[in-house]
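Worksheet for the structure shown next.
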Amino acid sequence: MSGILVVLEVRAGKLGAINWEALAAGQKLARLTGGAVTAAVLGAATEAAGAEIAAKGAARVVRVEHNLLERYTSDGFTAALKQLIDKEQPAYVVFPHTYQVRDFAPALATRCGQVLIGDVIAIGDGPVFTRQLMQGKLSGDYKHAGGGTCFVSVQAGAFRAGEAGAVAGSVEAFVPELDAAQIRTKPGEPFRESKQTVDLGSAPLIVSVGRGIKEADNLPLVEALASALGAEMAASRPICDAGWLPMERQVGSSGQTVAPKLYLAVGISGAIQHLVGIKGSQCVVAINKDPEAPIFEVADYGIVGDLFEVVPALTEAVKAAKG
Amino acid sequence: MKVIVAIKQVPERDAQVRVDAAGKWIEESGFQWSMNESDAYALEEALQLKEKNGGEVVVLSAGPERVGSTIREALAKGADRGIQVESDGLGDWDALGVAKLLAEAARSENADLVLTGLQSDDLGYGQTGVIVAELLGLPHASLILHVEKTDAGLTVKRELEEGWFQSIELPMPAALTIQSGGNKLRYATLMGIKKAKTKEVRKTTPAELGVTAPAVVTLNQIAQPKKQKTTQMLSGGPKEAAAALVEKLKTEARVL
Ligand SMILES: Cc1cc2nc3c(=O)[nH]c(=O)nc-3n(C[C@H](O)[C@H](O)[C@H](O)COP(=O)(O)OP(=O)(O)OC[C@H]3O[C@@H](n4cnc5c(N)ncnc54)[C@H](O)[C@@H]3O)c2cc1C
Ligand SMILES: Nc1ncnc2c1ncn2[C@@H]1O[C@H](COP(=O)(O)O)[C@@H](O)[C@H]1O
């Protein structure tokens with residue numbers, strides 16, 4: 001049992017940035033534990049992806065190719081990767097923590113008698129894997145205690161993608177044995193719900209509201225601040241789940257990704273699924289009554305206080321400054 | 001249609017968490033507990049499926065005695081009966097161990113559908129439902145917002161990243177992990193609360209289920225997270241802090 005297998009994901013025909021971060025995490029594990037890095041990619045036609053990964057610095061790439069892998073299914077991917085893992089016997093398997101990985105990696109680990117250490121934000125000596133607990137209020141250090149392959153998935157943005165290698169790695173094919181009868185689910189094409197009427201992605205100023213607002217009736221308080229600033233309104237997921245603002249105003253992993261000059265978060269705790277959507281912001285301001293809210297870990301400026309007092313005061317101050 | 005819903009009791013949302021003396025878990029004394037958020041949506045989906053298709057909703061929870069109050073809350077909202085896997089020592093079980101408890105407790109029920117939340121608000125593994133599916137040999141789908149019964153089985157709406165969705169067809173029996181926001185949550189009625197008191201809650205234990213879980217993955221230490229940025233905290237009353245912030249945004253950050 002040796003080596004590190006990094007399983008990369010092609011989504012809508014592309015290899016997204018999180019893949020190179022997962023590759024970097026695999027390379028970090030290689031430095032800590034020894035062993036070579038192999039990258040794997042699954043699909044029905046993986047030639048282009050395989051070449052792209054080899055050029056990005058993976059010394060060895062395995063293309064796991066089969067007609068039944070054309071569309072992602074948990075059954076297909078789990079069965080194919082189980083065969084690859086049985087053959088390769090890696091010490092570590094590393095994934096990017098995507099929705100697809102969340103869907104099958106726990107089943108794959110279980111089939112191997114293992115437990116996935118999911119959504120890892122750092123890897124230290126040991127190796128020790130750090131992940132968040134209590135919605136980001138705490139972090140926990142995990143270790144793989146048993147023998148066998150250790151399964152890890154890494155959070156978006158946690159590892160810095162490395163430089164491409166000078167020489168491209170080798171690429172080989174692996175054809176798993178799959179049978180259509182093994183695949184029990186029938187996935188449909190991705191679709192979007194409704195036409196977007198606001199473009200939060202290019203808004204320069206955003207005021208975003210979270211569950212701290214307590215009731216829909218209190219929203220005008222924050223809307224007044226947004227209009228004083230000339231900012232777009234956005235929200236965390238629970239506000240949109242409750243139907244208080246339309247889903248197109250939701251920021252985060254399942255909503256919009258924004259990159260404003262100013263992102264002002266009101267009564268938002270700062271769960272990672274929210275924070276991944278605001279990484280590109282130039283300046284983050286947080287108003288929260290809890291001094292230990294995780295949002296303060298990424299804020300440039302913070303006010304600890306009751307939003308029902310701070311927000312009206314801020315609206316006045318903005319109006320005064322604008323004259 | 002018989003639906004099992006796995007429900008976890010977690011610390012209430014705004015609870016102030018403190019690391020315990022051993023640095024292994026949080027100080028549990030003195031805070032309130034509530035139903036995990038996505039589990040409340042899983043329960044709602046189950047209740048609506050029962051209203052449309054008939055059948056039974058069974059809630060399943062593993063944890064110490066206090067977990068009983070969350071089971072009662074689910075019964076008050078309309079679940080028919082409960083199963084509690086009682087254990088004080090789940091703190092150092094990993095996701096596979098807890099999933100084994102849930103799977104074994106569910107197995108003899110032969111349900112048509114096993115629902116879990118997609119992620120717990122405390123440990124946040126985001127795995128238990130998928131592992132339960134694998135242990136029970138059921139097809140599964142995760143991050144589900146809506147479930148419809150069809151002649152062939154189920155059609156579900158799955159959330160993808162960045163505002164995309166997908167529908168998936170799967171046969172029954174099946175397991176699904178439910179994402180928040182697909183439905184509007186109901187409140188328990190007074191009548192429901194009264195009725196819940198007489199509903200059956202069967203208790204069992206890990207030993208009775210034949211599950212001893214040697215941990216494959218261990219949590220060695222917990223801590224306050226490291227800061228990524230140095231945040232300038234603006235102090236004073238709301239007025240002073242607001243004025244100071246506007247000044248900083250204009251002259252220092254230059255974003256206004
Ligand atoms: C797969 C997945 C995808 C997700 N996608 C997204 C996503 O795209 N976007 C998203 O936002 N979330 C998403 N979530 C949910 C996310 O994990 C959090 O649950 C959510 O972001 C929390 O929203 P919140 O901060 O508004 O609420 P809470 O976490 O409840 O925080 C409320 C905050 O308000 C503060 N507060 C309360 N009262 C006051 C007051 N009077 N004055 C000042 N502050 C106050 C509290 O201290 C607290 O910090 C996703 C979760 C999962 C599992
Ligand atoms: N102890 C438990 N009792 C009942 N259900 C649980 C328990 N732990 C996890 N679950 C279920 O599994 C889901 C995912 O949990 P997790 O894998 O910890 O994020 C939760 O939303 C619950 O539905």
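Reminder, nothing fancy here: chain letters follow the sequence lines and each chain counts from 1. It should be emphasised that the depicted structure is a prediction, and the values quoted were computed from it without experimental measurement.
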Tell me, for [X] versus chain A, whether the close heavy atoms (under 4.5 Å) come from the side chain, the backbone, both or neither.
X	answer
I26(B)	side chain
D94(B)	side chain
T177(B)	neither
R158(B)	side chain
K100(B)	neither
Q232(B)	both
V156(B)	neither
I144(B)	neither

Going from [atom1] on [X] to [atom2] on [Y], what distance comes out if it is rounded to the nearest 0.5 angstrom?
X	Y	atom1	atom2	answer
S139(A)	Q221(B)	OG	CD	8.5 Å
R211(A)	D14(B)	CZ	CG	8.0 Å
D121(B)	Q135(A)	CG	CD	4.5 Å
L219(B)	F129(A)	CG	CZ	14.0 Å

Pull out the residues in [range] that come under 4.5 Å of chain A, heavy atom to heavy atom, sorted by number.
range	value
residues 244-256 of chain B	L245(B), V246(B), K248(B), L249(B), K250(B), E252(B), A253(B), V255(B), L256(B)
residues 32-44 of chain B	E37(B), Y41(B)
residues 122-133 of chain B	D122(B), L123(B), G124(B), Y125(B), G126(B), Q127(B), V130(B), I131(B)

- prompt: Any donor and acceptor pair, going by atom type alone, linking the side chain of Q166(B) with main-chain N or O of G188(A) inside 3.5 Å?
  reply: yes
message: Using a 3.5 Å distance criterion without hydrogens, assess whether the side chain of T218(B) forms a donor-acceptor pair with backbone atoms of A145(A).
response: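 No, the answer is negative, given that no donor and acceptor are paired below the 3.5 Å cut-off.
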Heavy-atom contact with chain B under 4.5 Å, split by part of [X]:
X	value
K289(A)	side chain
Q100(A)	backbone
E189(A)	backbone
D103(A)	both

Determine, for [X] against [Y], whether the closest basic-nitrogen to carboxylate-oxygen distance falls under 4.0 angstrom.
X	Y	answer
E159(B)	R237(A)	yes
K226(B)	E297(A)	no
R192(A)	E162(B)	no

field: T98(A) and E161(B): CA distance, side-chain angles, deciding distance, side chain to side chain contact (heavy atoms under 4.5 Å, CB included) verdict
entry: CA-CA 8 Å; T98(A) 60; E161(B) 280 117 332; 3.6 Å; yes
- request: Please list, chain by chain and in numerical order, all residues satisfying side-chain contact (heavy atoms from CB on, under 4.5 Å) with E104(B), sequence neighbours excluded.
  value: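 If we apply the side-chain contact (heavy atoms from CB on, under 4.5 Å) test to E104(B), skipping adjacent residues, the hits are R107(B), L209(B), V211(B).
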statement: Nearest heavy-atom approach of R184(A) to G137(B) is NH1-O, 2.9 Å
- prompt: Taking all atoms of both residues into account, what is the closest heavy-atom pair of I222(B) and G140(A), and its distance?
  reply: CG2-CA, 4.0 Å
- request: Take R102(A) and Q119(B) through the side chain to side chain donor-acceptor pair (under 3.5 Å) test and state the conclusion after the steps.
  value: CA-CA 10 Å; R102(A) 296 173 64 109; Q119(B) 187 158 318; 2.8 Å; yes
